Number of protein chains: 2
Amino acid sequence: MATVVKARAARQRGATEQLADRAEAEKGASLPLGRILEGDCIAAMRGLPTASVDMVFADPPYNLQLGGDLNRPDGSHVDAVTDAWDKFDSFKTYDAFTKGWLTEARRVLKPNGSLWVIGSYHNIFRVGAILQDLGFWILNDIVWRKANPMPNFKGTRFTNAHETLIWASTGEKARYTFNYRAMKTLNDELQMRSDWVLPICGGAERIKRDGSKAHPTQKPEALLYRVMLATTNKGDVVLDPFFGTGTTGAVARRLGREWIGCEREADYIAVAEERIAMALPLDESALTTMQSPRAAPKVAFGQLVETGWIAPGTEIFDKKRKFVAHVRADGSLTSGSACGSIHGLGAQLQGAPSCNGWSFWHVEHGGEVKPIDALRQLYLLATED
Amino acid sequence: MATVVKARAARQRGATEQLADRAEAEKGASLPLGRILEGDCIAAMRGLPTASVDMVFADPPYNLQLGGDLNRPDGSHVDAVTDAWDKFDSFKTYDAFTKGWLTEARRVLKPNGSLWVIGSYHNIFRVGAILQDLGFWILNDIVWRKANPMPNFKGTRFTNAHETLIWASTGEKARYTFNYRAMKTLNDELQMRSDWVLPICGGAERIKRDGSKAHPTQKPEALLYRVMLATTNKGDVVLDPFFGTGTTGAVARRLGREWIGCEREADYIAVAEERIAMALPLDESALTTMQSPRAAPKVAFGQLVETGWIAPGTEIFDKKRKFVAHVRADGSLTSGSACGSIHGLGAQLQGAPSCNGWSFWHVEHGGEVKPIDALRQLYLLATED
DNA sequence: GGCCTAACTGAATCCTTCG
DNA sequence: GCGAAGGATTCAGTTAGGC
């Protein structure tokens, strides 16, 4: 089904863009898809071609600046992030590091690709400001509201119960991917909001080695699932510069996306490779998602007239029958001295800046009053392959 | 009650600090308490003594950078923030402005005072980075989750459903005020989290002049109420450099805090003065409406799919197995050529006007057939706060 | 007054394609 | 790059008016 959609999309696109597609495919052949590049992520990204990936998901070090040890009220010790990779001398050092990897990420991204970064209040403000300075255009900030956060044991602050993600395109005019309909469906037919309630990663999902957690900041797969479903298409290439134990890779594989990871620590790489090998790709039918009308085949109103679904001369009207118009042979409408397309005349009569004629105009059909969009749906069903 | 706390605090502190308190009290006499300083806030703050206020609450311009007009799907026009005070040439200009007022705020704050700033993704990352650069120490970032945000009318992004507040002390070692007990009580004996669900300011609370809103971005009093209750004591001095229509002043008066405002626009000052004069100190009945109920644990079907409780591709069916469908990656269902949400497809297949998908659809789970609602209950139990 | 429905509103970086 | 035309797009809450 997804291939059908893709083929249809290709048919509707110009020859130039198809050539670009082929060029991309060839470049893709040289991309290290499904591989973890060992070493510093900036160096690793330098080896990737410019404008070659569709999305970057980054979970950089948070620069937590933790003080001494922390104990719970019962005296037990809290296992904090004390790894060397989270240590920076100063904000200046952290900023330079951030600017470095963001610059490479920007180069590697396709013009219509997008960037995701996750962080906490320790680092996210610096990351956000720097990515704006580099020319990224913020589309949303997303709050991951943790269903079960660690409490503040000392009672000195509010429970830190969320993390922040930034979603950004490469620039103001970029045409990024957003699967609006799939998100709306995922959220019980309400628009998906900028605050996401998801549990933290624990239980069976949390990877352990020798009885303790394999990585201190493993993200839940559900988070990556929503990110990828929302802002990539099947077959897209997702790059994660801070791969860790490979959550991005595991979810990408499940969702039929390609992936590339960068990681410095050999231990994490070993865990990630084993983990991704076990991730089961979903089959085609499960991967199909609800499509926006934007992606559906276009039906012009004139087509319904030509094929006899609506006869020329038919009277059509708005829901309250405040306005009445007649259909002409070319699919245009007349109402008194005014005329125009279904959209244009609807807007004109209402004095509105725009109007969706498909839902505005109604017609009597089989004894019932229906919006003309209902006829379009019937037409589509009847002419389906 | 608050005085008791204060007395205890005084007893526990040294003689030097008590002297400092007395010095502060004398300085306080010269502070323009309960007054709105007209003009630019940086200039106004320069007239205030160093280390003289206990808290700064700032709601600076967000630098929204809006494009053209926006209309709702019904054709109505969205009344946007187009005021001159929100216009900046560039990020550089905005940063300089931000650094200017934050520097003065820092000087005016007492060593153990704290700073609050509210913003959106347009500006908050810049504000956060700059205040860190100035030496402020972030204590929490707080997410105001709007119960009723404006939707994204064009379906191009996630609904921007929150704003972010930063709470910071003057430095890492500062002994800031945090009324832990009061917050826990306000939150039904659970620690107050970093995400607050509150309605936007509307209805009777929204101040109008000549039938239209007096200020485009009036904040709800409930927000200020929680901020002040959490991080100031009775009698503390609260400074608001962007006073607007005086929400900070009105809440300060009600809660027995002193306040100082800065505001450039004479129109806003007039509104604020009238408003604060009418604010009744400690209106207990209003207090109850301030306590928002905890976010209703609403779970969308898609969330069960994302979190792996129901895998994409899973077969689900009605009780009599008359209808069978398969789950897709976005939480939609397919059955033959039909597809839709759990509710929509259920209705469609039965030819019914509506259907409760949660009780209609069943799934095999642990060898038993259960309605999917049972899985939702399990999920809720597992992720409960 | 009470109930029902229509109209209105909110810090918003809010379309796409073709000529 | 720009203008014109096609056509896709909303949620929770309050207020006002009709009956």
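Fair warning: this is a prediction, and the values are worked out from it, not measured in the lab. Chain A is the first sequence line, chain B the second, and so forth, proteins listed ahead of strands; every chain is numbered from 1. Values reported hereafter were calculated over all heavy atoms of this structure, with side chains retained and with hydrogens, waters and symmetry mates removed.
Under a 3.5 Å cut-off, the side chain of A:Trp196 and the backbone N or O of A:Arg193 do form a donor-acceptor pair. For A:Asn112 (side chain) and A:Thr177 (main-chain N/O), no donor-acceptor pair under 3.5 Å exists by modelled atom type. Put simply, the side chain of A:Arg106 gets close to the backbone of A:Leu134: a donor and an acceptor are under 3.5 Å apart. For the pair B:Gln218 (side chain) and B:Ile207 (backbone), a donor-acceptor distance under 3.5 Å is present. With hydrogens and angles disregarded, a donor-acceptor distance shorter than 3.5 Å links the side chain of B:Arg275 to the backbone of B:Thr245. At least one donor-acceptor pair closer than 3.5 Å links the side chain of B:Arg206 to the backbone N or O of B:His215. Panel note: side chain B:Asp83, backbone B:Asp86; no donor-acceptor pair is recorded below 3.5 Å.
Backbone-only engagement by B:Gly203 is indicated by non-hydrogen atom pairs under 4.0 Å involving sugar-phosphate atoms exclusively. Nucleic acid contact class of B:Cys201 (heavy atoms, under 4.0 Å, all strands): none. Note on A:Asn356: a base of the nucleic acid sits closer than 4.0 angstrom, heavy atoms only. As judged by a 4.0 angstrom heavy-atom cut-off over every strand, A:Arg376 is placed among residues touching the sugar-phosphate backbone only. Among the heavy atoms of the strands lying under 4.0 Å from A:Ile138 is at least one base atom, whether or not backbone atoms are also near. Base engagement by B:Thr217 is indicated by at least one non-hydrogen atom pair under 4.0 Å involving a base atom.
For the side-chain hydrogen bond (donor to acceptor under 3.5 Å, both in side chains) condition, the pairs that include at least one residue of residues 314-326 of chain A, sequence neighbours left out, are A:Arg321-A:Glu364.
By the 5.5 angstrom centroid cut-off and the 30-degree plane limit, B:Phe153 is classified as not stacked against the base of C:dC14.
Taking a 4.0 Å limit (strictly below) on heavy-atom distances, residues 74-91 of chain B does not reach DNA chain D anywhere.
Of the candidate nucleotides C:dA11, C:dG10, C:dT17, C:dT17 has the atom lying nearest to any side-chain atom of A:Arg175.
The same atom, C1', is picked in C:dT13 and in D:dA12; the two are 23 Å apart, to the nearest Å. Across the P atoms, C:dC14 and D:dA5 are found 24 Å apart, a figure rounded to whole Å.
Using the six-membered ring where Trp is involved, A:Trp167 and A:Trp116 have ring planes that are parallel, under 30° apart on the 30 and 60° scheme.
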Contacts under 3.5 angstrom, residues 352-359 of chain A side chains, donor-acceptor by atom type, not counting sequence neighbours:
from: A:Asn356; atom 1: OD1; to: A:Trp358; atom 2: N; distance (Å): 2.9
from: A:Ser359; atom 1: OG; to: A:Asn356; atom 2: O; distance (Å): 3.3

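Evaluation of the salt bridge (Lys or Arg N to Asp or Glu O under 4.0 Å) rule for A:Asp133 yields B:Arg126 as partners, not counting sequence neighbours.
Note that the first and last nucleotides of DNA chain D, 5' to 3', having any atom under 4.0 angstrom from a heavy atom of chain B are D:dT9 to D:dT15.
Both key distances under 3.5 Å define a Watson-Crick or G-U pair, and stretches of 3 or more such consecutive pairs in DNA chain C run C:2-10 with D:11-19, C:15-19 with D:2-6.
For B:Lys154 against C:dA12, no side-chain N or O and base N or O form a donor-acceptor pair under 3.5 Å.
Along DNA chain D, the nucleotide nearest to B:Ala204 and the one nearest to A:Ser341 differ in position, and the one closer to the 5' end is contacted by A:Ser341.
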